[in-house]
2 protein chains.
Amino acid sequence: MHDDDLVFKALADPTRRFLLDRLFTRDGRTLTELESELEMTRFGVMKHLRVLEDAGLVVTRKEGREKLHFLNPVPIRLIHDRWIDKFTERRVSALTDLKRQLEEDSA
Amino acid sequence: MHDDDLVFKALADPTRRFLLDRLFTRDGRTLTELESELEMTRFGVMKHLRVLEDAGLVVTRKEGREKLHFLNPVPIRLIHDRWIDKFTERRVSALTDLKRQLEEDSA
DNA sequence: TTGACATGTGACCATTTGGTCACCTATCAT
DNA sequence: ATGATAGGTGACCAAATGGTCACATGTCAA
């Protein structure tokens, strides 16, 4: 419930969705690498990565002086299953089919 | 692209998700009816409904002095198909199965 | 027709958000 | 050891956001 909110809010920013996209194509990127693909200082990127990390969408590991960023798709999967799925299911039950059939017949 | 952003931003607020939930269980509600379920003045609710409408998640029809609100799940379906689906697919290809098999064997 | 009801608008306000910068620490390579 | 490299912190700022209110319009019912 409250956890979902962090995820939704994290997904609400285009820069953050871009970052997730980059990490989707390849994980384990460093901050400076991600920064180089954006028109923004590394401080801005850091803040966005922090938001993603707080939402559990990104996990990190320190390697020497570098910080590697990995994508964690589980939270997206969760809001999908618990929330989005409900709105996206196509209703193709026998009942709605029947209803549509009746409406067509009466027209 | 730009359209997606409106949808993601609209979904980022818990009050708005609550409104979508209410409209999911039953459509065609009026502003005052929706307001009565929230700890907020009708002005706040109006603004939220406006955001949902701009994102295409809610469509409205005027009926006398009332304004009826209807859920439109299509935008959710679109961001699901174009964006979320990619992150939520379970990878169960023969290749990853083989990889897991090898890892188990070597353990 | 007159009052109650449903909604709309614009000003206004506090808080959050997205972004920058100055400065600082830790690590690597020479 | 020393400079270059990678990252971190806190202050700061402008703009967006979430919410309220005073007021105003249109519609229904007695």
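Values below: all heavy atoms of this structure, side chains included; hydrogens, waters and symmetry mates excluded.
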Next item on the list: Quickly work out the A/Glu39 CD to C/dG18 C1' distance and round it to whole Å.
Entry: 16 Å
Notebook entry, point to check: Closer than 4.0 Å, any side-chain N/O of A/Thr41 to the OP1 or OP2 of C/dG19?
Noted result: no
Next item on the list: Rounded off to whole Å, could you give me the CG-to-P distance for the A/Leu11 and C/dG18 pair?
Entry: 12 Å
Next item on the list: Give the C-alpha distance, both sets of side-chain angles, the deciding distance and a yes or no for side-chain contact (heavy atoms from CB on, under 4.5 Å) between A/Leu23 and A/Leu34.
Entry: CA-CA 9 Å; A/Leu23 293 180; A/Leu34 292 166; 4.3 Å; yes
Check: Would you say A/Asn72's side chain and A/Leu57's backbone share a donor-acceptor pair under 3.5 angstrom?
Finding: no
Next item on the list: Grab the CD-C1' distance between B/Glu63 and C/dC5 for me, whole Å please.
Entry: 16 Å
Next item on the list: Going 5' to 3' through nucleotides 4-15 of chain D, assign each nucleotide B (protein heavy atom under 4.0 Å from a base atom), S (under 4.0 Å only from sugar-phosphate atoms) or - (no protein heavy atom that close).
Entry: BBSBBB------
Notebook entry, point to check: Within a strict 4.5 Å, meaning less than it, do heavy atoms of the B/Val7 and B/Trp83 side chains meet?
Noted result: no
Check: Between B/Arg29 and B/Glu37, is the closest basic N to carboxylate O distance under 4.0 Å?
Finding: yes
Notebook entry, point to check: Considering heavy-atom distances to DNA chain C, does A/Lys9 or A/Gly44 have its closest nucleotide positioned more toward the 5' end?
Noted result: A/Lys9
Check: So does B/His48 get a side-chain nitrogen or oxygen closer than 4.0 Å to the phosphate oxygens (OP1/OP2) of D/dG19?
Finding: yes
Next item on the list: Test A/Val58 against every option in A/Arg50, A/Arg16, A/His48, A/His69 by the side-chain contact (heavy atoms from CB on, under 4.5 Å) rule and name the one that passes.
Entry: A/His69
Check: Tell me: CG of A/Leu38 to C1' of C/dT20, nearest whole Å?
Finding: 15 Å
Next item on the list: Figure out the CG/C1' separation between A/Asp54 and C/dT17, and round it to whole Å.
Entry: 14 Å
Next item on the list: Figure out the CZ/C1' separation between B/Arg16 and D/dA16, and round it to whole Å.
Entry: 12 Å
Note to self: Rounded to whole Å, please give me the gap between CZ in B/Arg61 and C1' in C/dA6.
What the structure shows: 16 Å
Check: Between the main-chain N or O of B/Ala12 and the side-chain N or O of A/Lys9, is there a donor-acceptor pair closer than 3.5 Å?
Finding: yes
